[in-house]
Amino acid sequence: MAKVGIVMGSDSDMKVMAKAADILDELEISYEMRIISAHREPDVFFEYARSAEEKGFKVIIAGAGMAAHLPGMCAAIFPMPVIGVPMHTTSLGGRDSLYSIVQMPSGIPVATVAIGGGANAGLLAAKILATSDPDLLERLKGYSEKLQTQVQAKDAKLQAQGPSAFLA
């Protein structure tokens with residue numbers, strides 16, 4: 001049974017939302033990914049959000065651009081955490097999406113990551129789940145150690161070869 005729902009309003013959001021899926025795959029967390037437009041198919045959206053708890057979802061990651069109603073509407077219906085991922089837009093660079101997601105009314109919170117922050121959305125979902133899953137918590141600690149090792153390797157390369165090693 002999927003623990004995380006990943007939903008986006010358009011296939012144009014896939015590159016960003018796939019980063020959330022990649023993190024969940026790496027941490028061995030099951031998920032279901034869907035493309036559902038809250039505006040173009042409201043009945044399908046409402047059924048998705050209403051049935052998410054019954055499906056076993058513990059967190060929903062919702063990506064949206066422009067009007068960016070998908071995360072907030074998920075949060076209005078789904079009783080557990082929703083993480084909003086604002087998408088970059090051509091007109092306002094994603095600020096419109098960010099403001100739409102982060103400015104939720106009192107009582108309807110949406111955790112919000114940076115514009116295009118799919119990977120961080122996946123990590124935040126994992127951290128939420130890890131509060132009640134000790135095995136997942138250990139996998140998250142291993143992920144953090146891997147990041148630390150990567151930075152140390154880059155610094156060692158810098159010290160050995162200088163800045164030009166990164167400019168090629």
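Hydrogens, waters and symmetry mates are skipped; everything else that's a heavy atom, side chains included, is used. All values derive from a computational prediction rather than experimental measurement.
Rounded to the nearest 0.5 angstrom, Tyr31 OH and Met17 CE are separated by 11.0 Å. To the nearest 0.5 Å, the span separating CD1 on Ile35 from CD1 on Ile6 amounts to 12.0 Å. A distance of 9.5 Å separates CG of Leu158 from OG of Ser164, quoted to the nearest 0.5 Å. Between the CD atom in Glu32 and the CD1 atom in Ile60 there is a gap of 9.5 Å [rounded to 0.5 Å]. Note: Leu27 CG to Leu137 CG = 11.0 Å, rounded to the nearest 0.5 Å. From Asp96, atom CG reaches atom NE2 of His88 across 9.5 Å, with rounding to the nearest 0.5 Å.
Side-chain N or O atoms of Glu41 include one that pairs as donor or acceptor with a backbone N or O of Ser37 at under 3.5 Å. At least one donor-acceptor pair under 3.5 Å links the side chain of Thr112 to the backbone N or O of Val110. At distances below 3.5 Å, at least one donor-acceptor pair connects side-chain atoms of Thr89 with backbone N or O atoms of Gly94. Under the 3.5 Å distance criterion, the side-chain polar atoms of Ser97 are left unmatched by any main-chain donor or acceptor of Ala68.
Salt-bridge check for Glu138 with Lys141: passed, with a basic side-chain N closer than 4.0 Å to an acidic carboxylate O. Salt-bridge formation is detected for the pair Asp133/Lys3: a Lys NZ or Arg NE/NH1/NH2 atom is positioned less than 4.0 Å from an Asp or Glu carboxylate oxygen.
The number of heavy-atom neighbours closer than 6.0 Å to NZ of Lys127, taken from other residues, nucleotides and ligands shown, is 12 or below. Enclosure of atom CE in Met104 by more than 12 non-hydrogen atoms of other residues, nucleotides or ligands within 6.0 angstrom is indicated. Residue Gln150 qualifies as enclosed at atom CD: its count of foreign heavy atoms under 6.0 Å is above 12.
Ile101 is connected to Ile108 through a chain of hydrophobic side-chain contacts under 4.5 Å among Ile, Leu, Val, Met, Phe, Trp and Tyr, so both are in one cluster. Residues Val102 and Ile115 are members of separate hydrophobic clusters, defined by side-chain heavy-atom contacts under 4.5 angstrom among Ile, Leu, Val, Met, Phe, Trp and Tyr. The same ILVMFWY cluster, assembled from side-chain heavy atoms under 4.5 Å apart, contains both Met80 and Ile77. A continuous path of Ile, Leu, Val, Met, Phe, Trp and Tyr side chains, each step under 4.5 Å between heavy atoms, connects Ile29 with Val16, placing both in one hydrophobic cluster. In the hydrophobic cluster analysis, where Ile, Leu, Val, Met, Phe, Trp and Tyr join through side-chain heavy atoms closer than 4.5 angstrom, Val82 is grouped together with Phe45.
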Could you walk me through whether Tyr99 and Leu92 pass side-chain contact (heavy atoms from CB on, under 4.5 Å), step by step? CA-CA 11 Å; Tyr99 295 154; Leu92 296 172; over 6 Å; no

Apply side-chain contact (heavy atoms from CB on, under 4.5 Å) to the pair Asn120 and Ile23, showing each step before the final yes or no. CA-CA 9 Å; Asn120 272 351; Ile23 293 291; over 6 Å; no

Do Phe78 and Tyr48 pass the side-chain contact (heavy atoms from CB on, under 4.5 Å) test, and can you show the C-alpha distance, the side-chain angles, and the key distance before you say yes or no? CA-CA 9 Å; Phe78 180 65; Tyr48 172 82; over 6 Å; no

Please walk me through it: do Met73 and Phe46 pass side-chain contact (heavy atoms from CB on, under 4.5 Å)? CA-CA 9 Å; Met73 289 304 297; Phe46 281 114; 3.8 Å; yes

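Nearest heavy atoms, Gly9 versus Leu70: N-CD2, 3.6 Å. The minimum heavy-atom distance between Ser100 and Met66, with the atom names listed, is OG-O, 3.7 Å. In terms of heavy-atom proximity, Val59 sits nearest to Ile128 at CG2-CG2, 3.8 Å. Residue Leu136 comes nearest to Ala130 through the heavy atom pair CD2-N, 3.7 Å, listed as atom of the first residue, atom of the second, then distance. When all heavy atoms are compared, the tightest approach of Tyr143 to Leu123 is CE2-CD2, 3.6 Å. When all heavy atoms of Val85 and Ala121 are compared, the pair lying nearest together is CG2-CB, 3.5 Å.
Among Met87, Met14, Arg34, the single residue meeting the side chain to side chain contact (heavy atoms under 4.5 Å, CB included) criterion with Met8 is Met14. When each of Ile61, Val7, Ile36 is paired with Cys74, the side chain to side chain contact (heavy atoms under 4.5 Å, CB included) condition holds for Val7 and for no other.
By the side chain to side chain contact (heavy atoms under 4.5 Å, CB included) test, Leu167 is found to be paired with no residue, residues two or more places apart in sequence or in another chain being considered. Legend: residues meeting side chain to side chain contact (heavy atoms under 4.5 Å, CB included) with Ala114, ordered by chain and number and at least two apart, are absent.
Lys157 has its side chain within reach of Phe166: a pair of non-hydrogen atoms, C-beta onward, lies under 4.5 Å apart.
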